[in-house]
Amino acid sequence: MRIATWNVNSLNVRLPHLLDWLAASPVDLLGIQETKLTDDKFPFAALAAAGYQAVHSGQKTYNGVALLARGVIEDVSRDMPGFADEQKRVIAGTVNGVRYVNVYVVNGQAVGSEKYAYKLRFLEALQRYLAEELQRYPNLVVGGDYNIAPTAEDTHDPEVWEGGILCSEPEREGFRKLLALGLQDGFRLFPQEAKTFTWWDYRQAAFRRNMGLRIDHLLLSAPLAARARSALVDKAPRKLERPSDHAPLVIELAPV
DNA sequence: ATGGTTGACCTTCAA
């Protein structure tokens, strides 16, 4: 079973890339973020024709998350209980006994800003929510755009990033608290090339110069971590014309 | 020079 996460940065623009990528890399369960469209505009039919069921929680212009699966998506829930939020950032569902919580964590803009405070509140709510999810679903994957580079090694240049947004200590502490629930950073279960990232700014030819960050993650509960066989960032879609600024992250799970 | 890009939307905000 192959599971993945990808911030597509507008599904309207990126649907052709998504369909091409699914054809070339047929994952079984995928979380996408930043669809930037309402549920009535979601391309259910095009995805069904490609063999994928989908559930979506979207809004106009901003945010929006979806789960895509080859198979039935059961027990679907939206948002986080006890965290009233108009922004559509969380959707969860179960496929073949695997629970996938798909999150688009708040960017936070700048350390100390109002959006940063919202990000830290969001991370606290996520911690509470995932503690409950782990109780209910032992086979849990939490995938998405976390907008957090967990360590200095996850940045192209610590001099530029350390202490700033996406890399500040309170954000990283929030990330570590998610791990402390009993989740593992799937990417780091395997040897990885240094300077492997999932996001590169559109500006300054950042992708060509590999000026990126590793901010998209697949966290695995212990039973799923035991089944993990590989983890890789697929940079191919980032090389296309009009790409998303993020690349997909894929983990292969051995059968039960 | 305080810059650069993309997406949504319409003038500016968010990332």
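Protein chains get the first letters and strands the later ones, always in sequence-line order, with residue 1 at the start of each. Computed from heavy atoms alone, side chains included, the values below leave out hydrogens, waters and symmetry copies.
One can place CD of Gln59(A) at 15 Å from C1' of dC9(B), the figure rounded to the nearest angstrom. Between the CZ atom of Arg208(A) and the P atom of dT5(B) there is a distance of 13 Å, rounded to whole Å. For the pair Asn7(A) CG and dG7(B) P, the interatomic distance rounds to 12 Å; values are reported in whole Å. Between Lys60(A) atom NZ and dC10(B) atom P there is a gap of 7 Å when expressed in whole angstrom units. Rounded to a whole Å, the CG atom of Asn9(A) is 11 Å from the C1' atom of dT5(B). Atom-to-atom, CG of Asp245(A) to P of dG7(B) comes out at 9 Å; the value is rounded to the nearest Å. The nearest whole Å value for the distance from the CZ atom in Arg209(A) to the C1' atom in dG4(B) is 10 Å. Across the protein-nucleic acid pair, Leu240(A) atom CG and dT6(B) atom P stand 14 Å apart, rounded to whole Å.
Closest to the Val13(A) side chain, of the nucleotides dA8(B), dA14(B), dA15(B), is dA8(B). For Tyr62(A), whose side chain is taken as the heavy atoms from C-beta onward, the closest listed nucleotide among dA15(B), dC13(B), dA8(B) is dC13(B).
Shortest non-hydrogen contact noted between Gly93(A) and Leu67(A) is N-CD1, 3.3 Å. For the pair Asn107(A) and Leu166(A), the tightest heavy-atom approach, listed with the atom from each and the gap, is O-CD2, 3.8 Å. Scanning both residues, Ala54(A) and Phe42(A), for their nearest heavy atoms gives CB-CE2, 3.6 Å. Nearest heavy atom pair, residue Pro150(A) against residue Asp185(A), reads CG-OD2, 4.5 Å. The two residues Arg2(A) and Pro26(A) come nearest to each other via the heavy atoms NE-O, 3.9 Å. Cys167(A) and Glu171(A) make their closest contact through N-OE2, 3.8 Å (heavy atoms, listed as atom of the first residue, atom of the second, distance).
Here the options are His246(A), Lys36(A), Gln33(A), the test is side-chain hydrogen bond (donor to acceptor under 3.5 Å, both in side chains), and the partner is Asn9(A); only Lys36(A) passes.
Tyr52(A) and Val95(A) are not part of a single hydrophobic cluster, where members link through side-chain heavy atoms under 4.5 Å apart.
Note on Arg14(A): a side-chain N or O is less than 4.0 Å away from OP1 or OP2 of dG7(B). Within the 4.0 Å cut-off from OP1 or OP2 of dT5(B), not a single side-chain nitrogen or oxygen of Arg242(A) is found.
Of the two residues near DNA chain B, Asp145(A) and Leu11(A), the one whose nearest nucleotide lies more 5' is Leu11(A).
Nucleotides dG3(B) and dT12(B), compared at atom P, are 16 Å apart to the nearest Å. Rounded to the nearest Å, the gap between the P atom of dC9(B) and that of dA15(B) is 15 Å.
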Inset, instruction - Could you walk me through whether Arg78(A) and Asp85(A) pass salt bridge (charged side-chain N to carboxylate O under 4.0 Å, His left out), step by step? - result: CA-CA 11 Å; Arg78(A) 290 168 172 80; Asp85(A) 194 350; over 6 Å; no
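Contacts of residues 196-204 of chain A with DNA chain B (heavy atom under 4.0 Å): Tyr202(A), Arg203(A), Gln204(A). DNA chain B is contacted by Tyr104(A), Asn107(A), Lys115(A) of residues 104-125 of chain A, taking any non-hydrogen atom closer than 4.0 Å.
Under a cut-off of 6.0 angstrom, the local environment of CD in Gln192(A) is crowded, with over 12 non-hydrogen atoms contributed by other residues, nucleotides or ligands.
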